[in-house]
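Heads up, the thing below is written out as structure tokens.
Order of the sequence lines sets the chain letters (A, B, ...), proteins ahead of strands, with each chain counted from 1.
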Amino acid sequence: MAVVRFEAISQKFGEFFALNDVSASFESAKIHAVLGENGAGKSTLMKVLFGLQKPTAGRIEVEGIDRKWKGPADAIAAGLGMVQQHFTLVPTLSVIDNIMLGAESLSSFGRLDRNAAIIALEKKLPSESLRLDWHKLVSELSVGEQQRVEILKLIARDAKIMVLDEPTAVLTPSEIEELFHILQRLRDSGRTIFVITHKLAEVFSFCDTWLALRAGRVGGTGLIEGTALNQVVRAMVGSDVPPLRERAVRDPGEVFLKVCDVRTDDTYGVNLRGFNIEVRAGEVVGVAGVDGSGQSELVDCILGLRTFSGDVSVGGRPVRLGETREVRDTGVALISEDRHHQSLWLDESVEMNAGLGFETSFANRGWLNVAAWSQTVTGWLASFDVRIPTMQTPVAKLSGGNQQKLIFARELSGRKTPLIICHQPTRGVDLAAIHSIHSELIERRDQGAAVLLISSELDELLALSDRIVAISDGVAAGEFERLSGTMNREAIGRAMTCGATT
Amino acid sequence: MEFVTAFIESILRLSIPLLFAAYGGLISERSGLANVALEGKLLISAFAGAAVAAATQNPWLGLAAGVGAGAAGGWLFGALALYSRADHIVIGTAFNMLVAGLIPTVTRSWFGVTGSTPQLERSARLPSDIGFFVLAIVIGGLLYWALRETRWGLRLKAAGDEPEALRVQGVSARGVRLWASVLAGAVVAFGGIDLSLCQGSGYIRDMAGGRGFIALAALIFGGWRPVQTGLACLLFAAADAAQMLLQGKSVFDWVIPNSIVQIVPYIATLMVLALRRAGPAASAPRAINRPLYK
Amino acid sequence: MKRLSLFAPLISVFIGLALSLLLVVALGESPILVMKVLANGAVGSATSFGYSLFYATPLIFTGLSVWWSLRAGLFNIGAEGQMTVGGAAMAVVGIVLSSLPSWLAWPLALLAGFGAGAVWGYIVAWFKIRRGTHELLTSILLNFVSYGVAGVLFLHVFRNPSVQTPETLEVRERVLVARDERDWWLKPVECVFRFCSALRIRGRRGDAEIGFGLRTRWVGSAPEFARRTGVATSRQTMMALVISGGLAGLAGASMILGYAHKAREGFSSGAGFVGIAVALLGGRRAIGVLLAALLFGALQKGALDLDLDTEKISRDLAVVIQALVVIAVATKSWLEAKRWNS
């Protein structure tokens, strides 16, 4: 029996169809995977289902009734619930306060009745593994626990249909497994679950059905049982993805980046607690870890943006606090984690963004030579195949993939770059751009660049790295080499979750 | 001894407008609406209270009018800042300017003088400060309790720290902020009325004299928490009381110029801010001045 | 690298003016009369136009001051206080350094004005960088401090004992920028041109094209990006506030060195606050600030006559108009409804 039916849903943003005539139906008490590349429309479809987005055309049917949501409140009342990719938790409130928010249990005088809320919630728990310390502040929870709070919010509201947007992006392999066990419990108790994802491995291990969207249209759909992986990939991408270029066999050269026993001492957030890593010319060294294990702090230390004890040297030159300019001038290309804030000036033009950081080389006695700037960066962008409407378009209007390619073009063209620091280089980037970014990194490595690749996507690290260092709570928790064959998924996953083992 | 009681009395009296303004600011800022318009709200409510009291010779009607004007000002400021998605600080500054221009324009046509209301008879003024001081303390206590224990407080904090959490629950964070701004205006109004109907006898030009901004400093210094903010107000009021005490006094035959004495509270405020530990403004509402799209 | 757009500011001025006239009607005065008085007072004759320019001159400086801070992502609303200490410093130099030759004296006086404002800006920057205090709060508090400091100078140290009003002694002749042999209304005009010649240079190729200016704006708009590229963001912030303060410090020049030849208490008369409105209306380019200052200067001049020529409206109407224009400018994003897809 179909619990959710979409009938010819279209969603237009200006002239652009985010969804174009999407029809599909979903059975109850199943885990449905909604697949697609970035921008394929999978998030938009779920937002339409949840009332966050009003469709331009089409019909939604939930439990056999035609629905027209005025807003998410209607959808919530009808038994839907959504866990956003970026959690919508108030970090300064306790777990139970977050769960209650918007549907508070009250006693007299508008007072919150936390005990009643806790008792009511505990009755509804389908599994003991969902239990948390109800009075702890959300800011003190791990990412996995925060996600559980989000799920608990839905359970507390008796959601029968749950939508999870990219739920595994921030989790460790073992947390992912735990999450899906919880989801299976919820399914077995009769709930219908939608999981928006692009990680096919999880889909094939845990989900029941799949729906792939491509450029706003249905690319394919079916049961997981009896479907081949290639079939799903083709439905998502429209063609098979070409294999990655072969890496050249070569001996790594001199150590270019050296991080030795680095410790940070901050009141807030994670600290490095004696971290070590070396990157030689001509090798890709991956850093594997769950987000927030000290990766950002490591990058900050290498750039001289944060006080630390221990030794960091780039190109044989020791790094000191506040000498970011000097570090970058030794030839460090930086692909930062948070593209919008750390690598771009969003409301400025493509032209401006592509040249920033090199403004002194376009200046003549303090005056910028606009013509030279424009001509040079046009060349850079062309060689990296960045697709732009005009040079004056605000960079915020580019797609994630094109933004990232623009950043690569800027960082790698302006000067010789013996060291490339990549932090989550492919997050929020479409498959075609991911492929060209990965090829670029391998090519640079073959040409002798040292590459530090920090990522929470194990697949990416396994595909690109010559060595992988696992990071866990600010320490190096194990090193794995491609050549000696120690680089395997399970061992790395264990190291990044449980800390040092071997 | 007499000196000490006079000094304490002076502190209590001077703290009243600061307390109301700071608590109004607290309500608004904890909801995520940055409020630099406290000064304007003090002025508009002081003026409305005095104008109505002068017209009716009834201070209680004046009080009601002042609170109404404060709430209306809060609504206007909140609506402009929230629905335009403009920077709250720009709107707040413009609001202060608007009030500063509007009042003298209106007084010219109503009372024939620019910038002030007629002197009020004793009978048209409110009797004593004590009531106001007690009310301010009660509001502080209520806020302390309400922020922890009530649904209103929970939603207020959510709107200020993570409005998205409200939105996905179908609660309008914008609505929470707007009503907070109205309530804030009404609370601030008591401070304005204290100035014009209790401590003064009528409205005179710029009678808030920067108290709205000192209240904001107290709010920041108090970490946006009711008890600490109240204490900060008392501290700044003490600096002001000391200032008044020092006026015209001489040290070793040197008469301290009043110009210097008068800036003591501001210097004190700056010094207190300078002593605050550096670091991320940990206690500031996280989503303050963040525009909302729904 | 965007083109200068006049549409949005003009609409904002129109809205501000229209709402103010509604107020005028509500107060029972004829809006036509008010508009007539405003226009006549502002540009009715060569003399009134000269005066309009005179009123615009400090607004140009305070406007540029706020404008510069806004480019750096900061909101310096302390221009009033910076102008006060700047004017005080100029007067003091003009009184004390009486023996210097003219060509040295007035640049020195201007430098003192800039320096005093810059020191005020530096204090704000110190609080911002070292203590994380919002620049708004410190600059407001410093405004009050500046009144005290100036008050001491005007009332006690350099007071002119022969007059009742609290004002300083006259600045020595040589320090004056404008001489007496010209028509008297030309003086302010000369001030405008002398002090603003620097702006013409800036206006030439657009502000974005000066490397330093670009970095200021970069740090203001995308601070994390700038920091990770190696721009010393704290230093940029500090420089922005120092320059902003210095520009405001110069705002009193036309008054003290060009016209009144002395400083008196409250000589700033709100020019610092109007500078905020000027900067917001002026938009991205210096030339826009200049035009906005001229408009608001004319408005202030025109409004002076409201006190005499109308029965129910006072000069404070100018402040109302300015406030409404700022609100209209600030809320115009509502019309644009620009939202980046994140």
Side-chain angles (χ1 to χ4, degrees), chain B residues 34 36 39 80-81 83-87 89-110 112-115 209-210 212-214 216-217 220 257-267 269-270 273-282 284 291 293, chain C residues 23-24 27-29 75 77 123 126-127 129-134 136-138 140-156 265 270 273-274 276-277 280 307 310-327 329-334 337 339:
Chain B
V36 295
E39 182 84 357
L80 283 172
Y83 286 88
S84 70
R85 293 184 227 126
D87 190 283
I89 289 171
V90 171
I91 296 290
T93 310
F95 183 85
N96 288 338
M97 271 176 84
L98 183 65
V99 170
L102 203 57
I103 294 176
T105 309
V106 168
T107 54
R108 173 118 195 256
S109 102
W110 288 355
V113 284
T114 50
F213 295 104
I214 295 199
L216 195 59
I220 292 171
N258 277 351
S259 311
I260 289 191
V261 171
Q262 278 162 2
I263 61 177
V264 164
Y266 308 105
I267 301 268
T269 309
L270 282 170
L273 289 172
L275 289 175
R276 211 166 61 117
R277 270 204 55 199
Y293 292 103
Chain C
L23 174 73
V24 167
L27 292 175
E29 188 64 77
F75 198 22
I77 67 172
I123 299 174
W126 185 88
F127 273 97
I129 294 162
R130 293 300 182 78
R131 290 291 177 269
T133 317
H134 200 288
L136 182 96
L137 191 59
T138 12
I140 283 275
L141 290 168
L142 280 171
N143 281 352
F144 292 103
V145 175
S146 74
Y147 303 149
V149 171
V152 171
L153 292 174
F154 298 167
L155 286 167
H156 298 277
E265 205 162 43
F273 294 118
V274 180
I276 298 165
L280 289 170
D307 284 352
T310 69
E311 267 174 36
K312 293 181 171 160
I313 304 298
S314 69
R315 66 176 74 172
D316 298 291
L317 187 70
V319 183
V320 176
I321 299 175
Q322 285 157 357
L324 289 171
V325 169
V326 173
I327 291 174
V329 170
T331 54
K332 77 170 195 306
S333 59
W334 182 69
R339 278 157 76 173

inquiry  = side chain to side chain contact (heavy atoms under 4.5 Å, CB included), that's the test. Do B:Ile89 and C:His134 meet it? Break it down for me.
reply    = CA-CA 11 Å; B:Ile89 289 171; C:His134 200 288; 3.6 Å; yes
task = For C:Ala330 and B:Ala86, work out which heavy atoms get closest and say how close.
result = O-CB, 3.1 Å
request  = Go through C:Ile276 and B:Val90 one step at a time and tell me if the side chain to side chain contact (heavy atoms under 4.5 Å, CB included) criterion holds.
outcome  = CA-CA 9 Å; C:Ile276 298 165; B:Val90 171; over 6 Å; no
request  = Could you grab the distance from atom CH2 of C:Trp126 to atom CG of B:Leu270, nearest 0.5 Å is fine?
outcome  = 10.0 Å
inquiry  = What part of C:Asn143 gets within 4.5 angstrom of chain B, counting heavy atoms only: side chain, backbone, both, or neither?
reply    = neither
key: Proximity breakdown for B:Leu102 and chain C, heavy-atom pairs closer than 4.5 Å   = both
remark   = Interatomic distance, OG1@B:Thr105 vs CG@C:Leu317, rounded to 0.5 Å, equals 5.5 Å
query = Where does C:Phe144 contact chain B at under 4.5 Å (heavy atoms): side chain, backbone, both or neither?
reply = both
message = Can you give me the closest heavy-atom contact between C:Leu137 and B:Phe213, atom names plus distance?
response = CD1-O, 3.7 Å
query = Contact part of C:Leu27 toward chain B, heavy-atom cut-off under 4.5 Å: side chain, backbone, both or neither?
reply = both
request  = May I ask you to name which of C:Leu280, C:Ile140, C:Val325, C:Ile327 has the most heavy-atom pairs under 4.5 Å with chain B?
outcome  = C:Ile140
ask   = What pair of heavy atoms forms the shortest contact from B:Gly101 to C:Asp316, and how long is it?
value = O-CB, 3.6 Å
Backbone N/O of C:Lys312 and side chain of B:Arg108: donor-acceptor pair under 3.5 Å = no
task = Measure distances from B:Val264 to the heavy atoms of chain C and classify the residue's part below 4.5 Å as side chain, backbone, both or neither.
result = neither
message = If we define contacts as heavy-atom pairs under 4.5 Å, which of C:Val326, C:Ile313, C:Leu324 has the most with chain B?
response = C:Ile313
Side chain, backbone, both or neither of B:Thr93 within contact of chain C (heavy atoms, under 4.5 Å) = side chain
Side chain, backbone, both or neither of C:Ile123 within contact of chain B (heavy atoms, under 4.5 Å) = neither
message = Less than 4.5 Å apart, side chain to side chain, heavy atoms only: is that true for B:Tyr266 and C:Leu142?
response = no
query = Just wondering, do C:Leu141 and B:Leu273 contact through their side chains at under 4.5 Å, heavy atoms?
reply = yes
ask   = Rounded to the nearest 0.5 Å, how far does CD1 of C:Ile77 lie from CG of B:Asn96?
value = 8.0 Å
Contact summary for C:Gly151 and B:Ser259, nearest pair of heavy atoms = C-OG, 3.6 Å
request  = Under 4.5 Å heavy-atom distance to chain B, tell me which part of C:Gln322 shows up: side chain, backbone, both or neither.
outcome  = both
request  = Would you mind checking which part of C:Ser146 comes under 4.5 Å of any heavy atom in chain B, side chain (CB onward), backbone (N, CA, C, O), both or neither?
outcome  = neither
query = Contact part of C:Ala318 toward chain B, heavy-atom cut-off under 4.5 Å: side chain, backbone, both or neither?
reply = neither
